[in-house]
Protein chains: 2
Amino acid sequence: MKSPNHPPIETLSLTRVLYALSDPIRLGLVHSLATKGEQACGALNLAVAKSTASHHFRVLRESGVIQMRPEGTHFINSLRKEDLDQRFPGLLDAVLQAAKTETEIG
Amino acid sequence: MKSPNHPPIETLSLTRVLYALSDPIRLGLVHSLATKGEQACGALNLAVAKSTASHHFRVLRESGVIQMRPEGTHFINSLRKEDLDQRFPGLLDAVLQAAKTETEIG
DNA sequence: TCAATTGTTCTACAATTTACGAACAATTGA
DNA sequence: TCAATTGTTCGTAAATTGTAGAACAATTGA
C-alpha cells in the first residue's frame with residue numbers, strides 16, 4: 001500500500017473543508033472517526049459501493065480533514081484534528097457538536 | 001416586493017448550511033454581512049451577473065443562513081445569526097473567524 | 001505460490017450546480 | 001403616467017459531483 005498524499009496545513013482551504021463536510025455520508029464518516037477514533041475504511045460499513053466510498057475518503061483527504069495511514073492490506077483513517085484546530089480554531093468542534101445536536105433532534 | 005420564504009429554525013440542516021457556506025462567493029457575502037451589517041444585494045457589488053447573484057442569495061436564504069427583508073425596490077439582507085447560534089452553537093463564529101484568518105494568510 | 005482481503009483507479013452516467021442573458025414584476029420618484 | 005431602479009424567474013449551456021461496475025495493485029496468510 002502506497003501512502004497517499006496529504007495537503008500541508010497552510011494550504012487548507014476553508015471553502016474546501018466546508019464542502020467536504022457538507023455531504024451527509026462524509027459528515028457521518030467524520031463524526032464516526034471523532035467518536036470512535038481512527039478506523040479502517042471497511043470498519044465504517046458504508047451503504048455505498050466501495051468505489052463510491054473511496055471517492056468520499058479521497059474528498060476528505062484532499063481537503064485536509066482526514067489522513068490515511070497504510071497498514072497491511074488496508075488503510076487506517078483518522079481526523080487531522082490538530083491540524084484543523086491550528087488552521088481553523090473551533091471549526092471542527094462546532095461542526096461535530098452541531099452534527100451531534102442534529103442527530104439527537106432528528 | 002413580496003417577502004420570500006424563510007425556513008424555520010428547527011428545519012435547518014447542518015449539511016445544507018455547510019454547503020451554502022462552501023462557495024467562495026457565498027462565504028464572501030456572509031463575511032461581508034457579518035462585518036458591515038445588513039445590506040442590500042446591490043451594495044455587495046458582486047463580480048457575477050445579477051441572475052447569478054440572485055441564485056447565491058437564494059441558496060443562502062433557503063439554507064437558513066440569511067434573511068431578506070423587502071424595502072422599497074430592493075431587499076435588505078442580514079445574517080440569521082441568532083437562529084444559527086441557537087441551532088448550531090459556535091458554528092457561524094468559527095466559520096467567520098476562519099474566513100478572516102484565511103483572508104489574512106492569503 | 002496463490003487465493004483472499006482491502007481499497008484504488010478507470011470509465012460511464014445521471015443529477016446537480018453555476019453561470020448568463022432576456023423577460024418580467026414591484027416600487028419609487030420625476 | 002412613466003421611466004429608472006432593483007432583483008426574480010425562465011431557459012439554457014458548461015462544469016462539477018455522486019454513484020456504480022470492472023479491472024487493477026498491494027499485502028497477508030495458508
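Here is the naming used below: chain letters follow the sequence lines, and residue numbers restart at 1 for every chain.
- Atom NE2 in A:H55 sits about 18 Å away from atom C1' in D:dA22, given to the nearest Å.
- Atom NZ of B:K2 is separated from atom C1' of D:dT6 by 16 Å (rounded to the nearest Å).
- Candidate nucleotides D:dT19, D:dT8, D:dG21 were compared by shortest atom distance to the side chain of A:S51, and D:dG21 ranks first.
- When the P atom of D:dT6 is taken as reference, atom CG of B:L46 falls 14 Å away, rounded to whole Å.
- Summary of helix geometry: the two end axes of the helix from C:dT1-D:dA30 to C:dA30-D:dT1, each defined by five base pairs via their C1' atoms, are inclined to each other by 20° (rounded to 10°).
- A side-chain hydrogen bond (donor to acceptor under 3.5 Å, both in side chains) with A:R58 holds for exactly one of A:E62, A:H55, A:H56; it is A:E62.
- Remark: C1' of C:dT28 and CD of B:E71 are 13 Å apart, rounded to the nearest angstrom.
- Each of C:dT18, D:dG18, D:dG21 was ranked by its minimum atom distance to the side chain of A:Y19; first place goes to D:dG18.
- Closest to the side chain of A:D23, from the set D:dA20, D:dG18, C:dT8, is D:dG18.
- Counting any heavy atom pair closer than 4.0 Å across all strands shown, B:A40 reaches sugar-phosphate atoms only and no base atom.
- Between B:F75 atom CZ and C:dA25 atom P the separation is 15 Å, expressed in whole Å.
- In the set D:dT6, C:dA22, D:dT28, D:dT6 carries the atom at the smallest distance from any side-chain atom of B:T73.
- Of all nucleotides listed (D:dT9, D:dT19, C:dT8), D:dT9 comes nearest to the side chain of B:S54.
- In terms of heavy-atom proximity, B:M68 sits nearest to B:H6 at N-NE2, 2.8 Å.
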